[in-house]
Amino acid sequence: MTTLSPFTVHSAASVEDASDLLERLGEDAIVYCGGTELLLLYKLGLADYANLVDIKGIEELRGIGAEPDELRIGAAMTHREIAHSPLVEEHFPALALMERNVGNVRVRNQGTIGGNLCFADPHSDPATFLIAAGGDVTIRRGGGPPRRIPVEDLIRGPFDTALEPGELLISVHVPLPRPGSATVHRKMSFSERPAITVATQVLVDEGVVRAARIGVGSVGVRPVRATQAEQEIVGQPADELPDERVAAASASAARAAAPVTDANGSAEYKEHLTGVLTGRCLREAVRTAGQGLL
């Protein structure tokens, strides 16, 4: 049986309390919320922090609200809570569908959206989806002013984020889909963690693709937005999307993801599969948007 390194749990009652604890405890402390990834590291002997700052009870990090143009999701909301939220189902069903397929039952019941993003595992469904959806996060240290940044700027590399010492991720903001838009998220998995994740969001108006966002993750060291690939299909007819444009966008997205060789396959193999999956997502998103569905 695995023996965990001993640690002390400190329950924070507010963001200010959590930041104070992190400052006082120093490098021997780490934030704890859902704990699905953190406790696994303890079991594997890859983490031995003496202090866990538990933020699950902070009310400010809870709840889901629908603003006029976005969904606000508290960082401590679990994947299951998001997946089964009536507000998410009503305003952004593709987001609910993605969350219903995160990890396994244990991960969905315990893992949180904020914890997933802050852990910055390269193999993440939510990060890729939120990049395609134009999602932002609000970050704050104690009682200081908040700052809001795009999800693609939050994750700098594997297990590395833009969070400064003492900062917490407070909430996730997801723009509501515009009429005529569609968001499609697909992944390939050879084990429990996704090996490739692709998310595309397109806007179709008067039969023409007016805007597009493409997120690709799980193949490189961090999820990325493939901006050059997006331009390949903007301005194209939705009902007869040219094959050569889809192929160019798919190839560009696969290159932007900068695949690396790992247990899931060689970089070349993963680049090929990423292109195939991107093409499928783009065609499905354009078709769905043209039908007026979300």
Side-chain angles (χ1 to χ4, degrees), residues 9-23 25 29-39 51-121 124-127 129-130 133-151 154-155 161-164 166-176:
V9 178
H10 307 263
S11 296
S14 65
V15 175
E16 292 76 9
D17 190 21
S19 292
D20 288 344
L21 282 166
L22 290 169
E23 182 176 2
L25 297 170
I30 192 168
V31 172
Y32 164 70
C33 195
T36 54
E37 300 279 12
L38 179 61
L39 294 181
N51 299 282
L52 304 187
V53 177
D54 185 353
I55 62 173
K56 290 194 298 292
I58 300 178
E59 188 62 30
E60 186 178 354
L61 307 185
R62 299 286 305 165
I64 299 176
E67 306 294 337
D69 58 353
E70 69 178 23
L71 286 171
R72 179 198 178 278
I73 303 172
M77 297 299 289
T78 67
H79 300 294
R80 186 180 190 281
E81 289 172 323
I82 299 169
H84 295 280
S85 163
L87 279 177
V88 177
E89 285 279 11
E90 176 186 355
H91 294 286
F92 208 154
L95 173 58
L97 178 61
M98 180 275 295
E99 288 284 14
R100 284 198 291 271
N101 289 283
V102 168
N104 55 35
V105 172
R106 180 185 67 84
V107 170
R108 291 192 292 273
N109 285 343
Q110 290 184 257
T112 62
I113 185 69
N116 181 284
L117 295 175
C118 290
F119 192 69
D121 186 331
S124 169
D125 290 305
F129 183 96
L130 290 169
D136 294 339
V137 294
T138 292
I139 298 167
R140 198 176 83 240
R141 182 185 184 280
R147 60 189 183 105
R148 182 163 163 165
I149 61 175
V151 171
L154 171 69
I155 301 173
T161 70
L163 288 170
E164 299 293 338
E167 284 188 324
L168 295 184
L169 197 159
I170 306 299
S171 53
V172 178
H173 308 268
V174 192
L176 297 180

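Keep in mind that what you see is a predicted model, and the values were worked out from it rather than measured.
Residues passing the side-chain hydrogen bond (donor to acceptor under 3.5 Å, both in side chains) test with D17, sequence neighbours excluded: none. With sequence neighbours left out, Y32 forms a ring pair (Phe, Tyr, Trp, His ring centres under 6.0 Å) with no residue at all. Among residues two or more places apart in sequence or in another chain, the side-chain hydrogen bond (donor to acceptor under 3.5 Å, both in side chains) test is passed with E23 by R141. Take P150 and apply the side-chain contact (heavy atoms from CB on, under 4.5 Å) test, not counting sequence neighbours, and it matches D136, E152, D153. Remark: D125 engages M98, V102, H185, K187, P194, T197 in a side-chain contact (heavy atoms from CB on, under 4.5 Å) (not counting sequence neighbours). Every residue two or more places apart in sequence or in another chain that forms a side-chain hydrogen bond (donor to acceptor under 3.5 Å, both in side chains) with T78 is listed here: E81. Residues satisfying the salt bridge (charged side-chain N to carboxylate O under 4.0 Å, His left out) criterion with D20, sequence neighbours excluded, are absent altogether.
Summarising the geometry of A133 relative to P175, their closest heavy-atom pair is O-CD, 3.4 Å, with the distance given to 0.1 Å. Contact between T138 and P146 at its shortest, heavy atoms only, is CG2-CB, 3.8 Å. For the residue pair L21 and A12, the shortest heavy atom distance occurs at CD1-CB, 4.2 Å. Listed here is the closest heavy atom pair of G142 and S19: N-OG, 2.8 Å. Smallest separation of non-hydrogen atoms from R62 and I58: CG-O, 3.6 Å. The two residues L87 and G65 make their nearest non-hydrogen contact at CD1-CA, 4.1 Å.
Judged as a salt bridge (charged side-chain N to carboxylate O under 4.0 Å, His left out), the pairs with a partner in residues 95-113 (not counting sequence neighbours) are, in order, E89-R100.
The CD1 atom of I113 lies 11.5 Å from the SG atom of C33; values are rounded to the nearest 0.5 Å. Note that CD of E59 and OG of S14 are 12.0 Å apart. Values are rounded to the nearest 0.5 Å. Distance CD1/I30 to CG/L25: 12.5 Å, rounded to 0.5 Å. Here CZ of R147 is found 13.0 Å from CZ of R140. Values are rounded to the nearest 0.5 Å. Rounding to the nearest 0.5 angstrom, the gap separating the CG atom in L97 from the CZ atom in F129 is 8.5 Å. Interatomic distance, CG of L95 versus CG of L130, reported as 7.0 Å (0.5 Å rounding).
The side chain to side chain contact (heavy atoms under 4.5 Å, CB included) test with I55 is passed by exactly one of L169, L22, L61, V15: L61. Exactly one of N109, N116, T112 qualifies for a side chain to side chain contact (heavy atoms under 4.5 Å, CB included) with H79. That residue is N116.
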Output side-chain donor-acceptor pairs under 3.5 Å for residues 67-75, partner residues at least two apart or in another chain, one line each.
unit_1, atom_1, unit_2, atom_2, d
E70, OE1, R148, NH2, 2.7
E70, OE2, H173, ND1, 3.0
R72, NH2, E60, O, 3.3

Legend entry - Full working for side-chain contact (heavy atoms from CB on, under 4.5 Å) between V31 and C118: CA-CA 10 Å; V31 172; C118 290; over 6 Å; no
